[in-house]
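Data first, discussion second: the structure below is written as structure tokens.
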Number of protein chains: 2
Amino acid sequence: MKIDPKKPADLSAQIAQAIRDAIISGELIVDERLPSEAELSEQFKVSRPTVREALKRLAAQSLIRTQRGASGGAFVNRLSFEGAYSQQITTSTLLLSMNAVSFDTACEARFALERACAALSAQRRTADQLATMRAEVHRQSQPGLTDEAFCASDVAFHRALVDGAGNPVLSYQLAGAVEAMQPLMNMITFTARSREAIIAFHNQIANALEDRDSTKVDTTLVELESYTRQLAQDVAQQRRNPA
Amino acid sequence: MKIDPKKPADLSAQIAQAIRDAIISGELIVDERLPSEAELSEQFKVSRPTVREALKRLAAQSLIRTQRGASGGAFVNRLSFEGAYSQQITTSTLLLSMNAVSFDTACEARFALERACAALSAQRRTADQLATMRAEVHRQSQPGLTDEAFCASDVAFHRALVDGAGNPVLSYQLAGAVEAMQPLMNMITFTARSREAIIAFHNQIANALEDRDSTKVDTTLVELESYTRQLAQDVAQQRRNPA
DNA sequence: GAATTTTTATTTGTCTGACATTTAAAAGTC
DNA sequence: GACTTTTAAATGTCAGACAAATAAAAATTC
């Protein structure tokens with residue numbers, strides 16, 4: 001684990017990369033304690049603040065965690081799905097909010113992914129997951145539900161659908177796609193009219209999953225996608241030209 | 001943009017979060033310059049090293065970039081797909097290498113995703129992308145190709161297929177799945193025998209895409225998936241019990 | 001007056017040294 | 001032996017300083 005002494009700038013970035021490489025290569029294993037900041041600063045021949053900046057970079061990527069006190073220090077993190085989720089969500093949200101990605105593109109990706117899950121979910125979904133979906137649909141039909149609550153329930157419904165596939169990697173990737181679309185989705189669920197339609201779609205999906213009818217799930221998701229994209233277009237139109 | 005003065009620990013994390021929120025909410029826009037470190041330390045009532053640690057956290061997520069000199073400072077980054085890619089790859093690689101995810105799970109996710117792309121790719125793939133795929137298949141059939149080169153070409157082939165869908169979000173998500181599987185994929189392509197089979201699959205896929213036959217692409221990918229999983233199982237078996 | 005060079009001010013990058021806080025282990029006490 | 005106190009080690013934070021890069025302003029030269 002060494003750094004290039006020729007490039008004087010960005011020492012902390014170089015040190016972070018060196019440690020990162022050591023973690024990825026398996027040189028440092030999960031839960032292993034890194035040398036203390038004082039030792040690292042000796043090892044890399046830099047000051048402690050520089051080492052700390054490097055460690056904070058790694059902490060920002062959830063690669064390490066730190067503990068204070070005797071026998072404390074920086075430890076290699078077991079990258080949890082939770083941590084990966086939140087990173088994925090932050091990244092996806094930024095990609096969309098900075099207009100690097102259009103809503104249509106995100107929507108297409110999201111439904112393509114969800115349809116991929118649906119096929120597996122029709123095979124594997126548990127009774128419990130189906131019950132969750134039913135419960136969410138029921139909640140959605142409650143009058144007086146706020147847009148935020150409706151939207152959250154919507155997300156929970158689709159998450160249960162995706163979790164039914166029993167593949168955490170897919171769940172994780174979909175989380176990013178769905179979360180990134182939330183702001184506009186909130187706008188979409190504003191009218192009671194569209195809520196009814198969305199609930200109808202959800203019921204169809206739940207029924208199809210109960211029957212383990214993957215084809216029916218797929219066609220319904222296709223319909224829901226085109227409906228969603230239409231609504232998003234209408235909302236965008238209305239914002240440009242509020243009649 | 002404020003921080004809670006009650007929680008004394010992890011000031012840099014709080015400051016990073018405050019700035020991150022400001023970026024996500026749009027309070028700080030792309031290419032906008034943040035206050036100087038000195039100003040930020042005044043504003044948040046902390047020392048400059050603490051501010052710097054916060055900024056390094058954000059830099060690690062590619063949320064900001066810094067420039068030295070007069071009229072330098074920290075600027076909000078336009079989160080590029082490139083940056084998002086590399087983050088996604090790092091995260092996915094770690095998830096797999098730390099055994100949080102099995103190869104089978106990653107493989108299933110990868111092919112589910114790829115099949116989702118394939119349907120779109122059959123519609124939209126350009127002649128150029130098809131040519132890329134043909135060229136890669138041709139390279140793969142060259143004798144004397146190293147495993148690394150074969151594997152890189154394999155990745156390039158599938159990337160061209162996925163890029164054919166014309167959806168950068170899907171391309172980005174698949175990148176993570178594929179890259180994470182690389183180490184084992186390298187083991188798999190070791191024998192000339194499996195190379196031949198893989199090339200045959202690739203040819204089938206390319207032909208089907210040329211004909212814009214999405215069904216054929218799909219069935220071939222299903223076959224390739226089960227073949228890949230079988231090989232991975234064999235490799236794992238062999239490593240446990242090298243006869 | 002225009003082009004070039006020099007100076008200057010600003011900002012990040014790094015270092016030194018210090019103190020505060022947390023925490024586990026060691027030492028002491030009953 | 002169980003409990004309390006002390007101690008040492010580690011991270012968290014601070015203050016102040018200098019180095020290096022860089023753009024704008026000032027001075028110089030033609």
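Chain letters run A, B, ... following the sequence lines, proteins first and then strands; every chain starts at 1.
Residues from residues 55-66 of chain A lying near DNA chain C, meaning a heavy-atom separation below 4.0 Å, are absent.
Under the 3.5 Å distance criterion, with hydrogens and angles disregarded, a donor-acceptor pair is assigned to the side chains of Asp163(B) and Ser171(B). Remark: the Ser47(A) side chain and the Thr50(A) side chain contain an N/O donor-acceptor pair separated by less than 3.5 Å. A donor-acceptor pair shorter than 3.5 Å cannot be found between the side chains of Asp10(A) and Gln14(A). For the residue pair Arg57(A) and Gln17(A), no side-chain donor N or O sits within less than 3.5 Å of a side-chain acceptor on the partner. Side chains of Thr126(A) and Gln129(A): a donor-acceptor N/O pair is present below 3.5 angstrom, by distance only.
Note: Phe157(A) and His202(A) have parallel aromatic rings, judged against thresholds of 30 and 60 degrees for the angle between ring planes.
Rounding to the nearest 0.5 Å gives a distance of 10.5 Å between CG of Leu161(B) and CG of Leu120(B).
Atom CG in Asp10(B) sits roughly 12 Å away from atom P in dC14(D) (whole-Å rounding). One interatomic measurement links the two molecules: CG of Leu40(A) to C1' of dT14(C), which rounds to 17 Å at whole-angstrom precision.
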Taking only nitrogen or oxygen atoms into account, show me every contact under 3.5 Å that the protein makes with nucleotides 9-11 of chain C, one pair per line with its distance.
residue	atom	partner	partner atom	Å
dT10(C)	O2	Ala70(B)	N	3.0
dT11(C)	O4'	Gly69(B)	O	3.2
dT11(C)	O2	Gly69(B)	N	3.3

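The base of dT13(D) sits with one of its N or O atoms less than 3.5 Å from a complementary donor or acceptor on the side chain of Arg48(A).
Contact check, Arg52(A) against dG12(D): a side-chain N or O comes under 4.0 Å of OP1 or OP2.
Pairs of residues two or more places apart, or lying in two chains, that qualify as salt bridge (Lys or Arg N to Asp or Glu O under 4.0 Å) and include a residue from residues 39-50 of chain B are Glu37(B)-Arg48(B).
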